[in-house]
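Starting from 1, each residue takes its place in the sequence as its number. We count ligands from 1, going down the list as the structure has it; atoms in each ligand are counted the same way.
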Amino acid sequence: MAPDSEWMKALIYQGFGDTSVIQLEEVPVPILRPGEVRISVRASGLNRADISQRQGHYPPPPGESEIPGMEVAGVILERSSQARRFQQGDRVMALLAGGGYAAEACVDEGLVMPIPNGLCFEEGAAIPEAFLTAYRNIFELGNLKKNQTLLIHAGASGVGTAALQLVKGVASRTFVTVGTEEKARACRELGATPILYKLEDFASRVLEMTENRGVDLILDPVGASYFDNNLKSLAMGGTMVLIGLMGGSKANLDLSLLMKKRARLLGSTLRGLPLSEKRETVESFSRSFLGQFERKALHPVVDKIFSYSEAALAQTRMEENRNTGKIILQW
Ligand SMILES: NC(=O)c1ccc[n+]([C@@H]2O[C@H](COP(=O)([O-])OP(=O)(O)OC[C@H]3O[C@@H](n4cnc5c(N)ncnc54)[C@H](OP(=O)(O)O)[C@@H]3O)[C@@H](O)[C@H]2O)c1
């Protein structure tokens with residue numbers, strides 16, 4: 001039997017299915033690989049992808065932990081000889097490809113960021129996945145330029161609430177789709193023009209509000225069910241970045257509109273990105289935006305904090321679309 005220090009608590013999926021497959025277990029601590037740091041996890045962020053993984057639709061990339069969880073905040077416990085950026089005891093937040101629902105996580109130091117001063121662990125854990133996804137897809141891939149217009153679907157999601165803050169002062173106008181009036185209010189406060197997609201056709205509303213021009217960029221986590229309307233909503237030469245498939249993956253496409261609009265359609269996932277590219281995104285985001293959290297120009301929107309022992313309740317809240325912003329597990 002290994003000593004106690006080599007075991008940790010972790011939430012694992014015992015097979016695929018509903019939240020009853022989530023089990024709290026004692027498992028061996030992860031092995032520290034060259035270039036990595038070991039983090040004592042104080043808070044883990046929940047993501048929609050954790051639910052897809054639980055349902056068997058989104059396995060971790062090869063070689064990554066089977067334990068769910070793609071972001072954590074905590075304290076550096078240990079670093080490998082090749083890792084030099086952080087010291088034992090530093091308060092950090094990190095982007096993971098898996099292994100975040102656990103008391104300890106090991107991650108390449110290039111995917112680790114200091115928690116901005118003034119933020120607690122729960123707020124730190126709400127930053128990496130949502131803000132890096134928004135940053136990568138809107139700025140690095142979507143190439144948003146000053147005074148362009150933007151449509152963000154699922155505006156009150158973790159990713160949506162991060163995206164709305166990042167585009168302030170860049171986009172001239174940002175539309176969001178949301179499911180409830182309460183979410184519309186939250187997005188309005190973040191500077192967006194909400195469209196209640198269950199009550200109105202979002203493409204008609206976007207065209208009406210842009211004098212039939214459409215928007216320059218669409219950030220779309222919905223996929224198939226929105227595809228036609230997205231194309232209608234896009235301006236000539238516009239770009240659509242597909243980051244999720246909450247509305248399905250099989251679309252019946254009329255490619256003529258894509259061609260006539262000279263539109264660009266991009267697909268992207270952060271989790272499976274090669275490490276070198278992920279490091280670059282983390283570095284470039286950190287340089288441009290980390291200071292803004294300390295100045296309070298940016299703030300992670302935390303919906304609700306649960307204890308790790310309540311992970312099933314936490315995932316149910318997300319699955320029922322009740323969150324505005326991020327749901328966090330506390331360790
Ligand atoms: N590609 C990447 O790298 C990447 C990285 C992170 C996240 N993502 C994707 O980004 C999306 C948001 O992630 P998150 O963790 O921030 O999500 P979240 O906080 O759980 O929010 C998702 C929201 O989407 C809306 N929604 C759910 N099903 C929908 C449907 N069928 N049609 C339209 N709207 C629907 C709901 O809001 P309403 O009540 O307003 O409908 C729901 O609350 C997910 O699709 C996720 O997979 C992609």
* Asked: Is the CG atom of Asn147 crowded by more than 12 outside heavy atoms at less than 6.0 Å?
  -> yes

* **Side-chain donor-acceptor contact under 3.5 Å, Glu140 with Thr281** => yes

* Asked: If you look only at pairs with a residue in residues 302-314, which of them pass as a salt bridge (charged side-chain N to carboxylate O under 4.0 Å, His left out), with sequence neighbours excluded?
  -> Asp303-Arg317

* To do: Return each pair, listed once, that meets salt bridge (charged side-chain N to carboxylate O under 4.0 Å, His left out) where at least one residue sits in residues 36-55; pairs must be two or more places apart or across chains.
  => Arg33-Glu36, Arg38-Glu78, Arg38-Glu104, Arg54-Glu319

Taking a 3.5 Å cut-off between nitrogen or oxygen atoms, can you list every pair linking ligand 1 to the protein, with distances?
unit_1: ligand 1; atom_1: 1 (N); unit_2: Ile243; atom_2: O; d: 2.9
unit_1: ligand 1; atom_1: 1 (N); unit_2: Ser268; atom_2: O; d: 2.7
unit_1: ligand 1; atom_1: 3 (O); unit_2: Leu270; atom_2: N; d: 2.7
unit_1: ligand 1; atom_1: 15 (O); unit_2: Arg48; atom_2: N; d: 3.0
unit_1: ligand 1; atom_1: 16 (O); unit_2: Gly158; atom_2: N; d: 3.0
unit_1: ligand 1; atom_1: 16 (O); unit_2: Val159; atom_2: N; d: 2.9
unit_1: ligand 1; atom_1: 19 (O); unit_2: Gly158; atom_2: N; d: 3.0
unit_1: ligand 1; atom_1: 19 (O); unit_2: Asn323; atom_2: ND2; d: 2.9
unit_1: ligand 1; atom_1: 20 (O); unit_2: Arg48; atom_2: NH1; d: 3.0
unit_1: ligand 1; atom_1: 31 (N); unit_2: Met246; atom_2: O; d: 3.2
unit_1: ligand 1; atom_1: 37 (O); unit_2: Lys183; atom_2: NZ; d: 3.2
unit_1: ligand 1; atom_1: 39 (O); unit_2: Lys183; atom_2: NZ; d: 2.7
unit_1: ligand 1; atom_1: 40 (O); unit_2: Gly179; atom_2: N; d: 2.7
unit_1: ligand 1; atom_1: 41 (O); unit_2: Tyr197; atom_2: OH; d: 2.4
unit_1: ligand 1; atom_1: 43 (O); unit_2: Lys183; atom_2: NZ; d: 3.0
unit_1: ligand 1; atom_1: 45 (O); unit_2: Pro221; atom_2: O; d: 3.4

* Asked: Is the Tyr135-Phe131 ring centre distance short of 6.0 angstrom?
  -> no

* Using side chain to side chain contact (heavy atoms under 4.5 Å, CB included) as the criterion, list what pairs up with Leu199, not counting sequence neighbours. => Leu196

